[in-house]
Each structure stands twice: as C-alpha cells, then as structure tokens.
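What follows is a short report on a single structure.
Being a predicted model, the structure only gives us computed values, none of them experimental. Numbering of ligands and ligand atoms starts at 1, following listing order.
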Amino acid sequence: MRRIAVLTGGGDAPGLNAVIRAVVKTAINVYGCEVLGVQDGINGFLEPNGIFPLDTASVRGILPLGGTILGTANRGNPFARTIIVDGKVVVDDVSDDIVEAIHTLELDAVVVIGGDGTLHIASELFDKGVPVVGVPKTIDNDVGGTEVTFGFDTALSIASEALDRLHTTAESHHRAMVLELMGRDAGFIALHAGVAGGADVILIPEIPFRYELVVKKIQQRAKRGSRFSLLAVSEGAHPVGGDLVYSRAGDELALPRLGGIGQAVSKYIEAQGIESRVVVLGHLQRGGTPTAYDRFLATRYGAAAVRTAAEGRFGHMVALRNGKVTDLPLEEALKVPRRVDINGDAVQTARGIGISFGDD
Ligand code: F6P
C-alpha cells in the first residue's frame with residue numbers, strides 16, 4: 001500500500017476524528033503509506049480543493065474533538081446527485097467521475113467512514129472496482145453486521161444525562177416531562193437512555209404505542225404517589241396504525257426530517273389533565289467530545305480499516321462482533337439494518353422493572 005484516502009459521509013457522530021487519527025497514524029507508522037483526506041464526503045473527489053495530504057501533524061490533538069476535521073455531507077449521492085440548475089431539478093450520475101478521480105490519484109484504498117447511506121454508496125463504488133473499506137458510524141446504532149457503531153455511546157450518555165436533569169424538575173413541578181430523542185427508525189438511543197436515565201415510559205419505532213396506555217401508566221404512578229413521570233420518546237415512534245411525524249417534508253434535494261412526536265405525546269397527555277412539557281434534545285446528541293468508549297472503539301475501527309486494506313479485503317466493513325474487532329463484506333452487513341429486538345433482554349429488562357412501552 002503506497003497511498004490511501006479517508007473520508008467521512010452522512011451526519012456527523014462523536015468519534016469521527018478518532019477514526020481519522022487512527023487511520024493516519026496506523027497507515028504511516030505501520031505501513032509507511034501516504035494518506036489523503038477528502039473534503040465533505042465522497043463528492044470531495046470532484047471538488048477543486050477536495051483532496052489534501054494528511055500527516056501525523058494534521059491529526060495532532062483531534063482525539064477528543066467532536067465533528068470531523070474532513071467535513072461531511074448527508075446529501076449528494078454520486079449515483080443520483082440532485083442539483084438545482086436555473087431553478088430546475090437535475091439528477092446526475094457522477095459515479096464514473098468519482099471512480100476516474102480515484103484511479104487518477106492512484107489510490108490503493110479508500111476508507112469510507114459512514115452510516116447506512118454512505119456505506120451503501122461505498123458498496124456500489126466497490127462494485128465499480130474502487131478498493132473501499134467501510135467503517136460503521138452513527139449515533140443511531142442502526143448499521144447491520146456490527147454489535148455497535150461508534151457515536152452511539154456518546155449520544156446515549158448525553159440523552160441519559162438529559163433525563164437525569166429532567167427528573168428533578170419533573171418531580172418538583174409534578175409534571176410529565178417528554179424527551180424526544182434521535183435514532184430515525186431505530187429505538188436504541190431512547191431504549192438504552194430510557195433505562196439508564198430511569199424513564200417511566202419509553203416509546204420506540206419498533207413497538208407502536210397507544211396514547212391511552214401512555215396516559216394509563218402516568219395515572220397509575222400518580223395513584224401510587226409518584227406525581228411526575230419521565231418519557232423517553234424516539235423521533236421515529238408512532239401510534240398503532242398511525243404515521244411517523246415529520247418536521248419537514250422531503251423534496252428533490254433532501255430526505256424528510258423526523259420530528260414532532262414528542263410534542264404530539266405531550267399534547268395528548270395535557271388534554272387528559274396532566275401537566276406536561278416537551279424537550280427535543282436534537283443535535284446535542286451528535287456534537288461535542290466522544291466518551292472514552294467511543295474514542296477507544298473508533299480508534300480500533302480506524303486501525304482495523306487500514307489492516308483490512310493492507311490485507312486486501314476490499315468491499316469489507318470493520319465491525320465489532322462478540323466483543324472483537326473484525327471485518328465482513330459490506331454487502332452482507334448492509335442486507336438487514338439493525339433494529340431493537342423487541343423480545344431481547346433490553347426490552348424484557350425494561351418491562352420487568354416497570355417501564356411502559358405504551359403497548360400494555
Ligand atoms: O442518523 C443520524 C441522525 O442524527 C438521526 O438520528 C436524525 O434523524 C438525523 O440524523 C438528523 O439529520 P440532520 O443532521 O440532517 O438534521
């Protein structure tokens with residue numbers, strides 16, 4: 001391996017810089033290899049100043065930093081890049097241009113750090129002959145093939161701290177406090193933070209809920225003398241037979257944006273005579289310094305990605321399986337996205353300690 005590139009795509013997640021640092025250091029220290037950074041995701045290959053050298057000095061001090069020094073983008077799929085030209089929507093496939101740019105740069109490997117969407121693009125580029133290695137990233141923890149993505153642990157810590165803080169104010173004012181959390185179609189953040197932060201109700205996309213059963217739980221608590229409740233609500237949660245709630249509809253350029261289910265739940269609760277407030281934690285879950293767990297995992301993933309490339313296993317993604325960092329074909333990893341196992345021990349544990357999922 002003489003020259004490799006590294007890029008970050010999709011929404012940012014705490015630990016991206018730790019992966020970049022590990023990729024650069026391992027490539028230089030172990031393989032004496034040159035490393036290039038790609039600006040703002042895969043399309044950086046086509047930008048005039050989109051490629052730049054990375055050496056050990058460029059990654060100094062970035063381990064505890066949130067975000068990504070490379071920049072990222074969560075739109076602009078090169079296989080169907082949508083842009084507005086003269087007020088008109090134009091869809092363009094620029095994947096061949098990307099492949100050509102990679103060949104021109106004489107890259108021996110491209111390390112793609114991304115979530116489900118970016119890794120799908122990486123897999124398609126691999127099919128076109130690009131020597132890619134994927135690294136699974138996302139606070140949502142919804143990438144298949146791995147037990148955990150980096151970024152999740154940090155988001156979880158922020159979310160459970162938010163529940164701790166809401167606990168005291170909920171108790172003082174005898175209110176039902178609703179915390180809306182990220183996660184898209186996966187309820188991991190709400191489930192894990194809800195258990196860790198002592199929520200009384202957890203609503204997740206995998207378990208459709210009934211409004212009246214949420215209220216029943218709050219009333220039962222009140223009868224037993226607990227005149228407050230904490231609700232952890234995943235942004236993708238929805239009532240039985242009901243739709244997801246979006247804060248912004250999708251259009252030609254952007255995907256629909258989830259948001260608003262927390263408000264809907266809080267409103268329903270208030271209509272039943274229980275005072276309620278809602279907090280949307282939003283991007284606080286993605287920003288700031290990664291936890292030690294995420295820094296360690298991200299560093300292991302970055303180093304493993306370089307080893308995987310050096311050993312020629314392209315089209316693979318690094319992953320944590322049975323506690324060990326390993327790798328598997330991207331195609332296999334991406335076949336089934338990860339979702340909360342509704343019969344698994346986490347849900348069973350939550351139910352056992354009296355948490356309601358709004359379904360009984
Ligand atoms: O996938 C990560 C995530 O933070 C989701 O949990 C959330 O729905 C989405 O990204 C928000 O994306 P954006 O940064 O475009 O608002």
Under 4.0 Å between a Lys/Arg side-chain N and an Asp/Glu carboxylate O for [X] and [Y]?
{"X": "Arg81", "Y": "Asp93", "answer": "no"}
{"X": "Arg184", "Y": "Asp116", "answer": "no"}
{"X": "Asp142", "Y": "Arg338", "answer": "no"}

By side-chain hydrogen bond (donor to acceptor under 3.5 Å, both in side chains), Arg165 pairs with (sequence neighbours left out) Glu161
Set of residues satisfying side-chain hydrogen bond (donor to acceptor under 3.5 Å, both in side chains) with respect to His316, sequence neighbours excluded:
Asp327
What residues join Val240 in its hydrophobic cluster, counting side-chain heavy atom gaps under 4.5 Å, either direct or through other members?
none
So which protein residues pack against ligand 1 under 4.0 Å, heavy atoms counted?
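Correct list: Asn74, Ile139, Asp140, Met182, Gly183, Arg184, Glu235, His283, Arg286.
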